[in-house]
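First listed ligand is number 1; within each ligand, the first listed atom is number 1.
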Amino acid sequence: MNHILQAFPHVGDKEQAALQACIQRSWLTEGPEAAKFKARLQDVTGSKYVELAPNGTLGLFLALLALDLPRGSEILIPGFTFMATASAAVFAGLKPVLVDVDLKTFSATPAAYEQAITSRTSAIMPVHIYGQAAYAREIAELARRHKLKMVEDAAQACGVHHAGQHAGTFGDIGVISFFADKSVTMGEGGALLIQDEALAERVALLRNQGRISSGSYVHSHLGMNFRVTDMQCAIGNVQLEGLPMIRADRLRRQALYREGLQGVCGIRFMETDPKSELLPFRFPILSEKRDALMLALEANNIQTRSLFYPLHRQPALANIVDPIELPVCDLLYKEGISLPIHQDVSEEDLHRIVRVIQAAS
Ligand SMILES: *Cc1c(COP(=O)(O)O)cnc(C)c1O
């Protein structure tokens with residue numbers, strides 16, 4: 001019985017050849033592959049400007065630094081997300097204010113954000129979770145109406161559109177991650193999608209020691225080093241070329257899961273906002289028998305994960321966020337199981353997962 005992993009990077013000969021070409025060229029930091037990767041990302045996302053970052057977390061941090069939000073002001077973020085959404089805000093000098101999510105889409109609705117706006121709010125940071133971009137346009141409209149900045153955590157949403165527009169291009173800056181477990185990966189890596197020229201220039205300065213091009217020792221601004229390597233970008237370029245296949249593969253697995261688990265006692269699915277595409281990142285399910293199901297899956301050599309531990313319960317945020325009740329975030333943690341949907345889960349594997357769940361439900 002093979003071990004089915006929760007996530008697995010789908011890389012092969014093409015990535016290897018692209019890496020080898022980098023070594024032969026001896027250009028290791030950002031070079032031709034990075035330029036190509038930025039151009040490809042502009043094509044894929046329709047974003048006016050793209051700047052790279054070492055990973056999604058630092059990308060979010062860089063985005064918030066570039067927006068220069070008032071120190072101590074409040075940024076609205078969903079309570080159901082990866083910790084990095086909150087830590088980027090804290091390190092950028094902001095106070096995260098948590099918002100509960102909708103049980104259907106696992107995403108916070110515009111109405112939920114609106115209720116949390118106060119005179120101290122400076123920004124909204126929606127998270128496009130599990131491969132959909134729920135309510136992206138409506139949240140952008142809300143931000144505009146209240147004159148708030150919007151940074152989209154589109155870490156999981158490369159290739160995902162909402163009403164025909166790519167995730168991460170609705171707000172001031174959107175950030176994609178290319179971590180090893182994301183649908184499109186370069187091991188580590190991130191990209192900022194930016195629509196305003198002056199803002200893009202500020203990001204470019206901040207990420208490269210406060211100068212536009214290297215080689216000069218004159219620095220007009222203060223900046224840091226958020227650069228990546230050409231080797232990462234070489235892998236990213238191959239992956240982006242394969243995006244249509246990645247999408248088709250994951251959607252096929254999604255359909256098989258839904259078919260196999262539809263009507264199985266007590267199993268509920270995440271629903272997709274009808275205006276959003278879905279490029280499945282994982283296949284999350286909810287069940288009151290979460291613990292028993294996870295044990296059964298693990299016993300059958302299937303690696304499972306819970307869904308996110310809610311941010312309002314994170315020990316590291318205890319003295320930072322205000323106490324708040326987020327019942328849906330709690331429920332998603334209590335009942336949620338994340339099932340693997342990557343390209344190395346074969347149809348046979350997938351049927352095995354479905355059978356184990358059917359038997360244990
Ligand atoms: C992966 C992820 C991040 C962080 O990206 P890294 O590249 O791993 O730093 C942030 N937010 C969400 C929602 C993510 O899934």
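Side-chain contact between T185 and Q239: present, with at least one pair of heavy atoms (C-beta onward) separated by less than 4.5 Å. You'll find the side chain of Y135 stays beyond 4.5 Å of the side chain of P126, heavy atoms only.
Side-chain atoms of H162 never come within 3.5 Å of backbone atoms of E277 as a donor-acceptor pair (strictly under, hydrogens ignored).
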Tabulating one pair per line, provide the atom names and distances (0.1 Å) for every N/O atom of ligand 1 that is less than 3.5 Å from a protein N/O atom.
{"from": "ligand 1", "atom 1": "5 (O)", "to": "S177", "atom 2": "OG", "distance (Å)": "3.4"}
{"from": "ligand 1", "atom 1": "7 (O)", "to": "G56", "atom 2": "N", "distance (Å)": "2.7"}
{"from": "ligand 1", "atom 1": "7 (O)", "to": "S177", "atom 2": "OG", "distance (Å)": "2.7"}
{"from": "ligand 1", "atom 1": "9 (O)", "to": "G56", "atom 2": "N", "distance (Å)": "3.3"}
{"from": "ligand 1", "atom 1": "9 (O)", "to": "T57", "atom 2": "N", "distance (Å)": "2.9"}
{"from": "ligand 1", "atom 1": "9 (O)", "to": "T57", "atom 2": "OG1", "distance (Å)": "2.5"}
{"from": "ligand 1", "atom 1": "11 (N)", "to": "D153", "atom 2": "OD1", "distance (Å)": "3.3"}
{"from": "ligand 1", "atom 1": "11 (N)", "to": "D153", "atom 2": "OD2", "distance (Å)": "2.8"}
{"from": "ligand 1", "atom 1": "15 (O)", "to": "Q156", "atom 2": "NE2", "distance (Å)": "2.8"}
{"from": "ligand 1", "atom 1": "15 (O)", "to": "K182", "atom 2": "NZ", "distance (Å)": "3.1"}

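Closest of all the heavy-atom pairs between L326 and H312 is CD1-ND1, 3.5 Å.
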Pairs under 3.5 angstrom only: tabulate donor-acceptor contacts from the side chains of residues 62-69 to other protein residues two or more places apart or in another chain.
none

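Aromatic ring centres of F283 and F269: separated by under 6.0 Å.
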